[in-house]
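Before any comments, here is the structure.
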Amino acid sequence: MQNRWFPVALLLLGSQSIHADDQTAAPIIVTATRTAQTADDALASVTVITHADIERAQATSVLQLLRGLPGVEVSNNGGLGKTTSVYLRGTESDQVLVLIDGVKVGSATLGTTAFENIPVDQIDHIEIVRGPRSSLYGSDAIGGVIQIFTHKGGGSTRPTLTVGAGSHYTYSGYAGVSGGGTHGWYNVSLSRLDSQGFNACNGAPYVSPSSPGGGCFTYEPDNDGYRSGSGAVHAGYQFSDGTNVDLHILRTTGFNKYDGTYSNQAHFAEQEAGSQVGFSPMDSWHASIAAGDSLDDSKDYLNGVYKDTFNTDRKSATFQNNINIGASQLVTAGVDYLNDSVDSSTVYTVSQRDDTGVFGQYQATYDQQNMQFALRNDDNQQFGHHTTGGLSWGYTFSRQLLMFTSYGTAFKAPTFNDLYYPGFGNPDLRPETSRSTELGLRGTVGRSRWSLSGYETHIIDLIAFDATYTPLNIDTSRIRGLEATAATAIAGWDLKLDATLLDPRNLSGGANNGNVLPRRARESLRVDIDRAFGKLQLGTTLFGEGKRYDDIANTVPLNAYALVSLRADYALSPSWSIGGRVGNLFNKQYETAAYYNQDGRNYFFTLRYSPAH
């Protein structure tokens, strides 16, 4: 893929933008500022994947939802259930903060979130905020924040049922019921996903130092299957005095097969649970108290023989206050607490730590100008105090055009694996810090939308791995990027385009100085085309990425590739529909991580029951 694709994006951007049957009004978001606002008012680059988008995609993994969105890159180690890493704006996968219903999730040992184990059927919508957010959320939010929201419910009682089947003997099912009336809400649901899978890795076994193998360092030409089951409960009530209570839990358990020399099977459990109480001491003051718990548990086996256990627990609590000053100013102040702990068969020198963060934010609108200022101080038990800040300013030229600029700093504490994993960790690692600037434009033309953003991020003490797989602090990396989104409706066709140009460089001054950071493509482009013909919905997605490298030395290339997928959905009745999709239509062979296979041509069919409102 060459840069010649991007002028096409700019040409479309100049004349078209996002059409919205359901996007005429911008969605309400909460992740960018920890307060409710419309996506149009946010002084940040935000993408929202709506519930309608999720149903239209007929996806079986979060990877399929995220791939190709502006500023988002995804790598996968061999299909459903295999390690899936998400990079935001060229930052590392562990520099992205992930929340589920406001609760911080992810492994305290790895520092990443197991996106591969998040059940798509349980997701209502996703908010992606690109750019640093440590000034509001603390550690990890160097590249941005991804918040996943589960089904909430409300309204009249409504059952939902979905069953699906496709390639590699893949089967899925979802059953749920929601309701709650005018003031309450509840959703109770179960889901299941089973797949025989395909061979995950074309690795080569270790022979000698001169022939060290590659990829998974083994050769196991078998199908690497995956199965998972999940249950979710989300419930709450809004009382007459304005007090509201919200409770939620999502638990997923399963079994995964993969290729490896130390282990090649795992039983896993992921759980997120949280509660929140909101109340208003006075009309202009809204307060909330929230608590959450996130578990990431795994037992690993080699051909059925037990090898080890890794269980991590993240307990969190928040007290937040939003105070309105007149109609145009909002002050937010609060305290966050986080405790990470590890319970493992592998002995860590340190197995728990906590972090207390105090944050404040000021938002104001003055005529055509908007501004946001945030400041936070985190007291980390291992690394002491870290202060981060963010400043954003926007100017509304008209209801159809907004310009904004921002500056933000962020930090990330090393993980327990980075520091203490036996024979691997480096206890001398320093926290990563960053500073970022951004300039953006977005606007509307009729029922259409467009956006364009340029940014630069400098990361100090970036943690990466040398040739012996030892984590080290690279002095500096610099990431520059340009993102464009555009969509419109032409003659009944809905067109959407997302394009990203990226220049992620290692500026350490050593042998790898000037090299491209691993697994980041310098160009990516996604085009979605959809149209309704009465009861029939047809669509296609065109997606491509440029050349990347799998290592910091830039000696293992990953070739550019382009994929085409097709989808269709037919309404059998107001409540029943049947859909199908074909992925990788032209059976392209490609890799997003060296030696790890990706699916060839594949298909999936879905039958859905969802009563009309």
Side-chain angles (χ1 to χ4, degrees), residues 54 57-67 74-86 93 98 100 105-107 109-110 112-123 148 164-174 190-203 215-216 218 220-232 250-272 295-304 307-312 583-584 591-593 595-600 602-604:
I54 296 171
Q58 301 177 52
T60 54
S61 69
V62 175
L63 178 154
Q64 294 169 347
L65 297 176
L66 298 179
R67 183 164 57 188
V74 182
S75 70
N76 170 263
N77 288 7
L80 281 176
K82 309 308 177 280
T83 300
T84 298
S85 300
V86 176
S93 58
V98 182
I100 296 181
V105 298
S107 166
T109 51
L110 294 172
T112 56
T113 298
F115 284 96
E116 64 273 14
N117 294 330
I118 299 176
V120 174
D121 285 335
Q122 301 286 4
I123 300 174
I148 296 171
S167 300
H168 313 298
Y169 297 96
T170 301
Y171 303 98
S172 70
Y174 171 86
L190 297 170
S191 67
R192 178 82 179 188
L193 176 64
D194 285 21
S195 180
Q196 180 175 294
F198 51 85
N199 186 33
C201 180
N202 286 327
C216 44
T218 186
E220 302 175 26
D222 59 348
N223 290 328
D224 294 298
Y226 174 78
R227 66 174 182 265
S228 69
S230 66
L250 171 64
R251 181 172 176 84
T252 303
T253 60
F255 176 74
N256 186 29
K257 291 181 64 178
Y258 47 94
D259 294 337
T261 54
Y262 179 77
S263 65
N264 56 14
Q265 299 170 336
H267 288 278
F268 67 86
E270 310 277 348
Q271 179 176 296
E272 169 276 325
L295 305 177
D296 183 290
D297 298 347
S298 176
K299 287 186 177 181
D300 302 319
Y301 301 80
L302 180 64
N303 299 321
K307 299 296 291 186
D308 55 33
T309 298
F310 288 92
N311 297 337
T312 71
N584 195 358
E591 296 176 340
T592 58
Y595 301 96
Y596 289 96
N597 298 319
Q598 293 299 299
D599 206 355
N602 60 88
Y603 61 89
F604 197 78

task: Apply the test side-chain hydrogen bond (donor to acceptor under 3.5 Å, both in side chains) to residues Asp300 and Ser298: give CA-CA distance (whole Å), side-chain angles for both, the deciding distance (0.1 Å), then the verdict.
output: CA-CA 6 Å; Asp300 302 319; Ser298 176; 3.0 Å; yes
task: Give a yes or no on whether Tyr262 atom OH has more than 12 heavy-atom contacts from other residues, nucleotides or ligands under 6.0 Å away.
output: yes
message: Under a 3.5 Å distance rule, please check whether Gln122 uses its side chain to pair with a backbone N or O of Ile118 as donor and acceptor.
response: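 No, Gln122 side chain to Ile118 backbone: no donor-acceptor pair under 3.5 Å.
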message: Treating Glu116 as the side-chain partner and Thr84 as the backbone partner, does any N or O pair qualify as donor plus acceptor under 3.5 Å?
response: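 Confirmed, Glu116 side chain pairs with Thr84 backbone.
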field: Verdict with reasoning, Asn264 to Asp259, per side-chain contact (heavy atoms from CB on, under 4.5 Å)
entry: CA-CA 5 Å; Asn264 56 14; Asp259 294 337; 5.7 Å; no
How many angstroms lie between [atom1] in [X] and [atom2] in [Y], if you round to the nearest 0.5 Å?
X      : Y      : atom1 : atom2 : result
Lys307 : Gln265 : NZ    : CD    : 12.0 Å
Ser61  : Lys82  : OG    : NZ    : 11.5 Å
Asp296 : Asn117 : CG    : CG    : 8.0 Å
Asp224 : Tyr258 : CG    : OH    : 10.0 Å
Tyr596 : Ser75  : OH    : OG    : 10.5 Å
Asn199 : Lys257 : CG    : NZ    : 10.5 Å

- request: Mind listing the closest non-hydrogen atom pair of Gly225 and Asn256 along with its distance?
  value: O-OD1, 3.5 Å
field: Donor-acceptor side-chain pairing of Asn602 and Asn584 below 3.5 angstrom
entry: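 The criterion, which ignores hydrogens and geometry beyond distance, is not satisfied for Asn584 and Asn602.
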Parallel, tilted or perpendicular, as decided by the 30° and 60° cut-offs, for the rings of Phe198 and His168: tilted
field: Thr218 vs Thr261, side-chain hydrogen bond (donor to acceptor under 3.5 Å, both in side chains): CA-CA, chis, key distance, verdict
entry: CA-CA 6 Å; Thr218 186; Thr261 54; over 6 Å; no
field: Tyr226 vs Thr170, side-chain hydrogen bond (donor to acceptor under 3.5 Å, both in side chains): CA-CA, chis, key distance, verdict
entry: CA-CA 9 Å; Tyr226 174 78; Thr170 301; over 6 Å; no
